[in-house]
Structure formats: structure tokens, C-alpha cells
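First comes the structure, then the notes that go with it.
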Amino acid sequence: MTPPVATPPPARPLGGVAVGLALVLLAVLVGVAAERATAPATNTAAAAGVTPTGRTTTVAVTADGMRFQPDRITVPAGDRLVIELTNNDQRRHDLVLATGAKTAILARNGTTRLDAGIIGATVEGWCSLPGHRRAGMTLTITTTATSIGTDSHTGHAAPTTEPAPAPVIDAMAEPTAGFTAHDATAPPVPTGRVHHVELRVREVVREVAPGVRQQLWTFNGTSPGPVLRGRVGDTFDVTLINDGTIDHGVDFHAGALAPDRPMRPIDPGERLTYRFTATKAGIWMYHCSTMPMLHHIGNGMYGAVIIDPPDLPAVDHEYVLVQSEFHLGPDSEPGDLAKMQAERPDAVVFNGYVSQYAHRPLTAGAGDRIRIWLLNAGPNRSSALHVVGAQFDTVYAEGGWRLRPDDPGAAQVLDLAPAAGGFVETVLPEPGRFPFVTHSMVDAERGARGVIEVR
């Protein structure tokens, strides 16, 4: 049956969002009843080799906290199974069985019935929304006569195909002649003290390395999303609009407020208003707040908010670098959550493209003072920014000054954990090409490198 369209209920607490909690299981009521019924045509994939009993077993299953409850159902062999699925989660879910039976996608508080057919062997099920199965949203159906692994061919009789291979990145390859690098120039501090921002969720296919395309989930069509800027005391009035096909949300580290409502996930076509006042300086991350967050951040949903320290002096050049990772899926498809979970990136990049500033360098003049803001969006790798041939006389990291020009020492690296940010300043005294890298060499060779060309 087609599930009813439900208007979103008042938000329930999502306190785990603000601190990056993963999966929260809530108690659910599970009812199992056996009743005689006249069965429709049997599902031969699940029923092969079993004699139908003529009975129907009905099981109530709830989707919540990125889990099915119960996540294991055992029914008498030969019974027809009907699953009554209710979605109590903040995000949308469905249930797909390996036999081919599936429900529609349920909105919050939606409910539906799934006829799983006559069960004669183990059958696996899962939520088909991106990343949900890999995050643990699975269901196993067994019978009193079988157990997992005893009849895997019968239980998984739906045709299977090998997944398309992921493309291969050559981090040394030249982009095409018409390639334009992501503009790393920092935006100026805007006038006024209230900043109205519109962030539209867009799912787009973009080139991330020469000849390699991926479907990215983005804010305003770019990854990273737009750099926002302001001062301590400024208010940001953000309108999030979900133009995508799955649920998304947003979490601004620059604000300090209860996450229950502003960080809740919203369905396609919905919008919300997120208003916060910046009370502390720094370069802060914003990112999608929808579970599994690893998949949403790893697939492009992140950006930076710069809140200037008071009395920050002007410099000759000011750049913003956001370090992140790519875990490639098949060509023009979303990133691979399994690779993200295994911490096996195909590329580590600055501003969303492999080695782009090695081919389209940042520029400065000899003797110019350069400020480089750095945000490490992760989701997993640390960053260690180093400019070859330069020393940093200014280092600001995670809200505090580590070094200033009048200090006798200097620094060689700005080291940042995932989600951390800061900036460095340097003066490059003579013309030449000054490479910059993350000094985790394996990540530099994966694409986190560039050049400052001093003229």
C-alpha cells in the first residue's frame, strides 16, 4: 500500500548530533501473531523446497536510530510472512528484501505492510537509502528449519551483478587546458552584523581529478560549500533548502545552541531556518548533520565559516584551503561508504580537486605577507600544512595564537585534527615556486599538494 504523507512532527531530541554520536537505539514494541489466511501467489525465491503451511505470520518492525527493531525475525518454515513496518526515525527509510520484495520509502511516522511471501530459507533485508545498509540498517529473516548460511543461494535468489569498478586517480595527471581551479581567495569581511545565507542541497556530478567524475552531495553545488565570514558578535540567518533526493541537514560549529531543531534532517523539498550568533573567533566547520554523517561529509557536504579574531591585521594575500578526502564509488556515483569506514581514501585534496594548485598555482609577489586559512574537513585524516622553503612567523589554531611575528621562533607546520582549523602567515622573500603539502607524505602523493608562485 502507499504510505500516507505525514507532516513532520515536532523534533525529538538529537543531542548526539552536536557531539558526533553515531547510532542511538530506541526501544520498540514488537508484536508477532500467527493467523490462518488464504495466501496469494507464493514468492518462489524464498519458498523453494518448502511446503506451504497455509498460515501467515505477521511481525511489527520499527525503523529508528538507523536500525530495524527487531533486526532478526524467525518464522515457521512454510509460513507466509507479512511485515508491518513503521518509521519512527527523523529520516526516511524503506525495507528491501533480497528476494525482490520492497516497500515504498516511508516519511517520518509512515507505516506500510510488506508481503514477504512464503519463507523457506534465510532472507536478508536492508534499507536502500544511500549509506543506510552499510551503516548497519539490516534485517535477517530465518525459519525454524534453517539458519544463516544453510541455504544462502535460496535465500538470496534475486539476481546479483558485480558492482562497477571505481575509477583510478592519477594524482600527477594534468587537467585539461580549460580547467579552472576552485578560487581559494578568502572572501572579505562583509558589512553589517546580520548575514543572510541560503544553502541549497544539490546532488551534482563533478570532476574531482582529471578524467574522474563522482556524484557529490553539496551545499550550493560546490564541494567545499561557500566560505562564510564575519566577526565576533555577528548573527548568521541561514536558510537550508533540500533540493536533493534524500534527507539532509546542517551543523554549524561556529554556533553554540541546542541541536534538536536547527540540526534536524529535512526531507527533499523541505526547508528550515538556522540562526546563530558567533561568539568566538576561529575558522569553523559546517557539515551535513544526517546519519550516517561519515557518508554525507565524505561525499562532499562540508564548508568553512571564518570568524575573524579581533583586530586581525590586513595582509597582501589571503587564501582558504579546505582539506578533505575522496573514497571513490563507480564513475559518476556517490562515494563508497565501505572505504570511508575502512579509512582507505583514493585521494586527499585541497578545495575539492586532486592537485589542482600544482597546475593552477596560488600567486604572490616577493616580500608579500600571505595568510593561509586551513580547515580540515576530514572526515578521517589529519592535516599537516607545510610550505616548502618557507617558515611560518604567525600560527593561529583552534581559537588561540601559537605564534606571532615578534616571537623569536618560527613554525614549519600547522597540524590539525579532523574538524579543526586555523591559519598561518609567511613572507616569501624571492621569486620562485614554493610547493605546499600536507606533510603526511602519503596524503600529499594522493593529491593534497599545490604551489605558491612568487613573481
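For the atom pair CG (Leu97) and CD1 (Ile83), the distance works out to 5.5 Å, reported to the nearest 0.5 Å. Summarising the geometry, atom CG belonging to Asp267 is positioned 9.5 Å from atom CD belonging to Gln90; distances are rounded to the nearest 0.5 Å.
Between the side chain of Asn351 and the backbone N or O of Val322, at least one donor-acceptor pair lies under 3.5 Å. A donor-acceptor contact shorter than 3.5 Å is absent between the side chain of Thr394 and the backbone of Glu425. Between the side chain of Gln356 and the backbone N or O of Arg360, no donor-acceptor pair lies under 3.5 Å. Distance alone, capped at 3.5 Å, is enough to place a donor-acceptor pair between the Thr103 side chain and the Leu95 backbone. With hydrogens and angles ignored, the 3.5 Å screen pairs a side-chain donor or acceptor of Thr111 with a backbone N or O of Leu85. Between the side chain of Asp251 and the backbone N or O of Ser289, no donor-acceptor pair lies under 3.5 Å. Between the Thr218 side chain and the Arg202 main chain, a donor and an acceptor come within less than 3.5 Å of each other. Remark: side-chain polar atoms of Arg206 are paired, donor with acceptor, to backbone N or O of Gly221 under 3.5 angstrom. Checking side-chain atoms of His439 against main-chain N and O of Ala384 turns up no donor-acceptor pair under 3.5 Å.
Of all the heavy atoms in Leu328 and Gln214, the pair that sits closest is CA-OE1, 3.4 Å. Minimum heavy-atom separation, Pro379 to Ile297: CB-CG2, 4.0 Å. Contact record, Leu216 with Ser223: CD1-CB, 4.0 Å, taken as the closest heavy-atom pair. Nearest heavy-atom pair, Asn109 versus Asn88, reported as atom, atom and distance to 0.1 Å: OD1-OD1, 4.3 Å. Taking each heavy atom of Leu321 and Tyr357 in turn, the nearest pair found is CD2-CE1, 4.0 Å. Minimum heavy-atom separation, Ala166 to Lys339: CB-NZ, 3.8 Å.
For the residue pair Ser332/Gln215, the side-chain donor-acceptor check at 3.5 Å is not satisfied. Defined by atom type and a distance below 3.5 Å, a donor-acceptor pair is present between the side-chain atoms of Ser128 and Asp94. Between the side chains of Thr185 and Tyr319, no donor-acceptor pair of N or O atoms lies under 3.5 Å. Side-chain polar atoms of Thr277 and Thr235 form a donor-acceptor pair below 3.5 angstrom. Checked by atom type, the side-chain pair Asp234/His195 shows a donor-acceptor distance below 3.5 Å. No side-chain donor-acceptor contact under 3.5 Å links Thr363 and Glu453. Side-chain polar atoms of Thr222 and Asn220 form no donor-acceptor pair below 3.5 angstrom.
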Please tabulate, for the side chains in residues 396-411, all donor-acceptor contacts under 3.5 angstrom to protein atoms that are two or more places apart in sequence or on a different chain.
from	atom 1	to	atom 2	distance (Å)
Glu398	OE2	Gly421	N	2.9
Arg402	NH1	Asp415	OD1	3.0
Asp407	OD2	Arg404	N	2.8

Side chains of residues 304-318: which donor-acceptor pairs under 3.5 Å do they make with residues two or more places apart or in other chains?
from	atom 1	to	atom 2	distance (Å)
Asp308	OD1	Arg229	NE	2.9
Asp308	OD1	Arg229	NH2	3.2
Asp308	OD2	Arg229	NH2	3.1
Asp316	OD2	Arg369	N	2.8
His317	NE2	Asp368	OD2	2.9
Glu318	OE1	Arg229	NH1	3.2
Glu318	OE2	Arg229	NH2	2.8
Glu318	OE2	Arg371	NH1	3.1
Glu318	OE2	Trp373	NE1	2.8

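Exactly one residue among Pro224, Ser324, Ser355 makes a side chain to side chain contact (heavy atoms under 4.5 Å, CB included) with Val349. That residue is Ser324. None of Glu445, Arg449, Gln323 except one satisfies the side chain to side chain contact (heavy atoms under 4.5 Å, CB included) rule with Val348; the exception is Gln323. With Arg264 as the partner, the side chain to side chain contact (heavy atoms under 4.5 Å, CB included) test is satisfied by one option alone out of Thr290, Leu272, Val250, Asp247: Leu272.
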Apply side-chain contact (heavy atoms from CB on, under 4.5 Å) to Tyr274 and Met263, showing your working. CA-CA 8 Å; Tyr274 190 138; Met263 299 182 198; 3.2 Å; yes
Does Phe423 form a side-chain contact (heavy atoms from CB on, under 4.5 Å) with Ile283? I'd like the steps, not just the answer. CA-CA 8 Å; Phe423 69 79; Ile283 177 169; over 6 Å; no
Might you work through the side-chain hydrogen bond (donor to acceptor under 3.5 Å, both in side chains) test for Thr245 and Glu203, ending with a clear yes or no? CA-CA 8 Å; Thr245 60; Glu203 297 158 10; 2.8 Å; yes
Determine, step by step, whether Leu139 and Ile73 satisfy the side-chain contact (heavy atoms from CB on, under 4.5 Å) criterion, reporting the C-alpha distance in whole Å, the side-chain angles of both residues, the deciding distance to 0.1 Å, and the verdict. CA-CA 8 Å; Leu139 174 73; Ile73 300 170; 4.0 Å; yes
Set out, in order, the CA-CA distance, both residues' side-chain angles and the distance that settles side-chain contact (heavy atoms from CB on, under 4.5 Å) for Thr140 and Thr122, then state yes or no. CA-CA 7 Å; Thr140 300; Thr122 298; 4.1 Å; yes
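Asp336 has its side chain out of reach of Met340: every pair of non-hydrogen atoms, C-beta onward, lies at least 4.5 Å apart. In this structure, His327 and Pro345 have side chains that are in contact, with non-hydrogen atoms separated by less than 4.5 Å. Residues Thr273 and Asp237 form a side-chain contact, since some pair of their non-hydrogen atoms from C-beta on lies under 4.5 Å apart. Residues Asp346 and Val212 form no side-chain contact, since every pair of their non-hydrogen atoms from C-beta on lies 4.5 Å or further apart. Between Met285 and Tyr302 there is a side-chain heavy-atom pair separated by less than 4.5 Å. Residues Leu199 and Pro226 meet the side-chain proximity criterion, which asks for heavy atoms closer than 4.5 Å. Between Val395 and Leu414 the shortest side-chain heavy-atom distance falls below 4.5 Å. Counting heavy atoms from C-beta on, the side chains of Leu385 and Val413 never come closer than 4.5 Å.
Ion pairing between Asp89 and Arg108 fails under the 4.0 Å rule for side-chain N and carboxylate O. Using a 4.0 Å cut-off between charged side-chain N and carboxylate O, Glu270 and Arg92 make no salt bridge.
For CD of Gln391, the number of neighbouring non-hydrogen atoms (other residues, nucleotides, ligands) closer than 6.0 Å is 12 at most. A 6.0 Å sphere centred on CZ of Arg193 holds more than 12 heavy atoms belonging to other residues, nucleotides or ligands. Remark: Met172 CE is loosely packed, at most 12 non-hydrogen atoms of other residues, nucleotides or ligands lying under 6.0 Å away. Within a 6.0 Å radius of CZ in Arg134, other residues, nucleotides and ligands contribute 12 heavy atoms or fewer.
Taking His295 as the reference, Trp217 meet the ring pair (Phe, Tyr, Trp, His ring centres under 6.0 Å) condition, with sequence neighbours excluded.
Between His287 and His296, a ring centre-to-centre spacing not shorter than 6.0 Å is recorded. Between Phe436 and Phe350, the distance separating the two ring centers is shorter than 6.0 angstrom. In this structure, Phe252 has its ring center at least 6.0 angstrom away from the ring center of Phe236.
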